[in-house]
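Scope of the values below: all heavy atoms of this structure, side chains included, with no hydrogens, waters or symmetry mates. Note that ligands are numbered from 1 as they come in the structure, with each ligand's atoms numbered from 1 the same way.
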Amino acid sequence: MRARLPRHIAIIMDGNGRWAQARGLPRAAGHRAGSKAVRRVVRVCRRMGIEALTLYAFSVQNWGRPDEEVSNLMELLGEFIIREWQEIMDQEIRVVHLGELRRIPGPVREKLLALERASRHHRGMTLALALSYGSREEMVRATRKMVGKALAGKLSRQQVTEAGLAACLDTASLPDPDLVIRTGGERRLSNFLLWQSAYAELVFSDILWPDFMQADLRAVVAEFQRRNRRYGLTGEQAGED
Ligand code: FPP
């Protein structure tokens with residue numbers, strides 16, 4: 001029997017700055033190389049038949065980086081949308097965002113929303129871009145939505161459930177990630193999909209994101225397929241040999 005593929009892969013793309021530094025280049029060059037890795041990984045996931053891919057492109061905390069780096073990242077995002085538009089259409093990829101777009105510069109925000117609208121019926125794969133995203137912030141927003149409903153008399157105490165909260169998160173239209181990958185050698189989640197990753201397999205790679213190749217993604221998926229997922233059950237209950 002062929003081992004199961006993860007339905008949803010989520011990636012913390014870390015190491016662009018160190019990649020550039022190692023070459024004596026500005027950080028911007030690392031981010032540019034990082035956006036090429038984004039293209040490679042989107043392609044390989046689509047080809048493998050992955051249902052959803054989430055990329056942590058910009059965290060709420062990243063707004064604290066120097067202005068020049070922030071504008072550079074926003075510019076790259078705008079370029080990415082324009083450059084990849086046709087391929088996203090051809091490959092029937094549905095693009096969605098996670099996070100609060102309010103602070104994203106107007107022209108980039110408009111492009112992204114236009115791409116989301118244009119691709120909303122696609123069923124080939126979902127590409128979720130986490131932008132100005134933070135998991136705690138997302139949970140606070142979800143809680144506010146629920147409190148709003150409760151105050152309007154549309155939600156009782158008993159109706160506050162896991163499924164109800166999940167439906168108020170930005171990821172409402174996505175399955176939970178089965179596999180969370182972090183490149184760049186650090187071993188932490190940095191405020192990424194904390195609720196949704198409750199049962200995800202975590203893989204930490206020392207490869208810097210711009211060096212992350214299609215073969216590396218395939219190797220991580222193969223590692224995922226070797227792991228036993230128990231969801232709190234015993235090995236026997238979970239069907240292990
Ligand atoms: C972390 O590396 C990476 C980011 C903060 C940005 C990720 C952005 C891209 C890969 C490019 C644009 C994205 C899209 C979707 C087109 P770091 O700068 O923190 O690296 P360091 O830890 O080595 O300094």
Side-chain angles (χ1 to χ4, degrees), residues 9-46 50 52-88 91 93-101 103-105 107-116 119 125-135 137 170 180-193 204-214 216-217:
I9 300 178
I11 308 183
I12 303 174
M13 311 180 285
D14 196 14
N16 295 349
R18 278 165 287 158
W19 183 92
Q21 197 179 19
R23 286 161 181 74
L25 297 170
R27 292 178 63 81
H31 294 315
R32 186 162 291 280
S35 80
K36 291 190 183 139
V38 167
R39 181 187 169 89
R40 287 196 292 273
V41 164
V42 171
R43 283 187 166 178
V44 70
C45 286
R46 173 71 179 91
I50 302 298
L53 170 67
T54 297
L55 300 174
Y56 202 4
F58 195 86
S59 71
V60 171
Q61 290 67 32
N62 285 154
W63 289 113
R65 292 198 177 197
D67 291 350
E68 194 187 327
E69 182 164 344
V70 170
S71 359
N72 173 254
L73 281 166
M74 293 299 140
E75 215 171 281
L76 273 179
L77 182 67
E79 281 176 24
F80 177 83
I81 296 168
I82 295 171
R83 201 179 53 234
E84 303 303 322
W85 187 290
Q86 196 51 53
E87 182 153 349
I88 285 167
Q91 294 297 320
I93 294 172
R94 177 176 77 111
V95 176
V96 299
H97 74 271
L98 314 179
E100 248 269 275
L101 293 191
R103 291 174 75 185
I104 303 285
V108 178
R109 191 174 58 229
E110 291 311 318
K111 278 190 205 104
L112 177 64
L113 292 174
L115 180 58
E116 290 188 27
S119 69
M125 179 175 88
T126 297
L127 172 63
L129 298 174
L131 286 171
S132 197
Y133 175 82
S135 188
E137 290 80 353
D170 300 348
V180 174
I181 305 170
R182 181 176 189 137
T183 64
E186 310 287 357
R187 277 141 177 79
R188 54 176 175 262
L189 289 176
S190 300
N191 204 14
F192 184 52
L193 301 179
F204 298 99
S205 164
D206 290 331
I207 300 171
L208 302 176
W209 176 249
D211 289 329
F212 201 75
M213 298 293 155
Q214 299 199 339
D216 299 313
L217 192 281

[X] near ligand 1 by a heavy-atom separation under 4.0 Å:
X: L55; value: no
X: G184; value: no
X: R32; value: no
X: E186; value: no

Verify whether one side chain among [X] and [Y] offers a donor that lies under 3.5 Å from an acceptor in the other.
X: Q91; Y: E84; value: no
X: E137; Y: N191; value: yes
X: T126; Y: R94; value: yes

Between Y133 and Y56, what is the ring plane arrangement, given parallel below 30°, perpendicular above 60°, and tilted in between? perpendicular
Test your reading of the structure: does [X] have an N or O sitting under 3.5 Å from an N or O of ligand 1?
X: N62; result: no
X: R18; result: yes
X: N16; result: yes
X: D14; result: yes

So for W209 against ligand 1, with non-hydrogen atoms under 4.0 Å, the contacting part is side chain
Of the protein's non-hydrogen atoms, which lies at the shortest distance from [atom], and what is that distance?
atom: atom 7 (C) of ligand 1; value: A57 O, 3.5 Å
atom: atom 12 (C) of ligand 1; value: S35 CB, 4.2 Å
atom: atom 14 (C) of ligand 1; value: V38 CG2, 4.1 Å
atom: atom 3 (C) of ligand 1; value: M13 O, 3.1 Å
atom: atom 11 (C) of ligand 1; value: H31 O, 3.7 Å
atom: atom 18 (O) of ligand 1; value: R27 NH2, 2.8 Å
atom: atom 19 (O) of ligand 1; value: R65 NH2, 2.8 Å

[X] side chain vs [Y] backbone, donor-acceptor pair below 3.5 Å:
X: E116; Y: H97; result: yes
X: T183; Y: D14; result: yes
X: N16; Y: G34; result: no
X: R40; Y: F212; result: yes

Could you go step by step and tell me if R65 and R27 meet the side-chain contact (heavy atoms from CB on, under 4.5 Å) rule? CA-CA 12 Å; R65 292 198 177 197; R27 292 178 63 81; 2.9 Å; yes
Taking ring pair (Phe, Tyr, Trp, His ring centres under 6.0 Å) as the test, write out the residues that go with F80, two or more places apart. none
G17 heavy atoms, cut-off 4.0 Å: which ligand 1 atoms fall inside? 17 (P), 18 (O), 20 (O), 21 (P), 23 (O), 24 (O)
Can you tell which of I81, V41, L129 gets a heavy atom nearest to atom 15 (C) of ligand 1? L129
Given salt bridge (charged side-chain N to carboxylate O under 4.0 Å, His left out), test D206 with R187 step by step and report yes or no. CA-CA 10 Å; D206 290 331; R187 277 141 177 79; 3.4 Å; yes
